[in-house]
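I have placed the structure first, in the form of structure tokens, so that the comments after it can refer back to it.
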Amino acid sequence: CYINHYEGYGWDELFDEGVQTYFVVLGWSSATWNDGESINTDELDWEELTPAQRTAARELCYIKETWAKISLDKWDCAKDHYFEETWADLKELGVQQYFITLGWDHM
């Protein structure tokens with residue numbers, strides 16, 4: 001899932017991909033999409049989106065941080081989030097398997 005995955009698509013291609021409905025909920029139309037116009041929801045904070053708009057945005061791979069264009073290194077869950085945790089702690093927290101997938105076998 002890529003946030004900008006659909007930027008190069010035409011409006012009809014969004015329908016073919018099964019995502020056009022989500023863009024409609026966010027305020028896009030054939031005219032705004034094909035003309036590259038800005039839409040009102042582009043200026044809204046995540047909290048200002050309606051529940052339906054947030055759901056549509058999630059279906060397009062957005063989360064609060066990516067909607068706000070916050071750089072990954074500025075997210076609340078920074079790269080050293082688990083720095084103080086032991087290997088056993090990681091298992092207890094339910095994230096040890098992700099470290100194993102990344103090639104770690106202990107910390």
Side-chain angles (χ1 to χ4, degrees):
C1 191
Y2 302 99
I3 295 160
N4 298 324
H5 179 80
Y6 300 106
E7 279 186 0
Y9 284 64
W11 185 249
D12 292 335
E13 292 172 302
L14 296 176
F15 178 82
D16 296 341
E17 292 294 318
V19 297
Q20 189 184 76
T21 301
Y22 305 126
F23 285 100
V24 169
V25 171
L26 289 169
W28 292 97
S29 67
S30 175
T32 57
W33 184 265
N34 290 329
D35 294 340
E37 296 177 27
S38 182
I39 56 168
N40 293 339
T41 53
D42 281 348
E43 304 302 319
L44 297 177
D45 290 334
W46 185 257
E47 294 80 12
E48 295 174 307
L49 296 173
T50 68
Q53 289 170 328
R54 281 194 298 273
T55 298
R58 281 189 203 99
E59 290 295 328
L60 296 170
C61 301
Y62 283 97
I63 59 174
K64 179 180 177 179
E65 291 82 1
T66 55
W67 184 263
K69 299 178 178 84
I70 297 172
S71 176
L72 182 59
D73 62 341
K74 303 286 189 238
W75 289 16
D76 288 338
C77 184
K79 62 184 173 194
D80 60 354
H81 180 79
Y82 296 105
F83 184 73
E84 300 288 328
E85 307 295 340
T86 66
W87 189 245
D89 291 339
L90 294 176
K91 184 172 185 170
E92 190 174 310
L93 291 167
V95 296
Q96 189 186 72
Q97 71 270 19
Y98 303 121
F99 284 89
I100 292 170
T101 300
L102 292 171
W104 294 86
D105 58 10
H106 67 288
M107 302 215 34

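Just so you know, residue 1 is the first one in the sequence shown, and it goes up from there.
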Got a second to check how far [X]'s [atom1] is from [Y]'s [atom2], nearest 0.5 Å?
X	Y	atom1	atom2	value
Asp45	Glu47	CG	CD	6.0 Å
Trp33	Ile39	CH2	CD1	8.5 Å
Glu17	Tyr22	CD	OH	12.5 Å
Leu102	Tyr98	CG	OH	11.0 Å
Leu44	Arg54	CG	CZ	11.0 Å
Asn34	Asp12	CG	CG	7.5 Å

Could you tell me whether the side chain of Gln20 and the main chain of Trp11 form a donor-acceptor pair under 3.5 Å? yes
Between Gln97 (side chain only) and Gly94 (backbone N and O only), is there a donor and an acceptor less than 3.5 Å apart? yes
Where do Glu43 and Ser38 come nearest, in terms of heavy atoms and distance? OE2-OG, 4.1 Å
Which atom of Ala56 lies closest to which atom of Leu26, heavy atoms considered: CB-CG, 4.2 Å
Does [X] have more than 12 heavy atoms from other residues, nucleotides or ligands lying within 6.0 Å of its [atom1]?
X	atom1	result
Glu92	CD	no
Phe15	CZ	no
Asn40	CG	no

Would you check if [X] and [Y] make a side-chain contact, meaning some heavy-atom pair closer than 4.5 Å?
X	Y	answer
Trp28	Asp42	yes
Leu90	Trp104	no
Thr55	Val25	no
Glu48	Gln53	no

Using the six-membered ring wherever Trp is involved, compare the ring planes of Trp67 and Tyr62 and label them parallel, tilted or perpendicular (cut-offs 30° and 60°). perpendicular
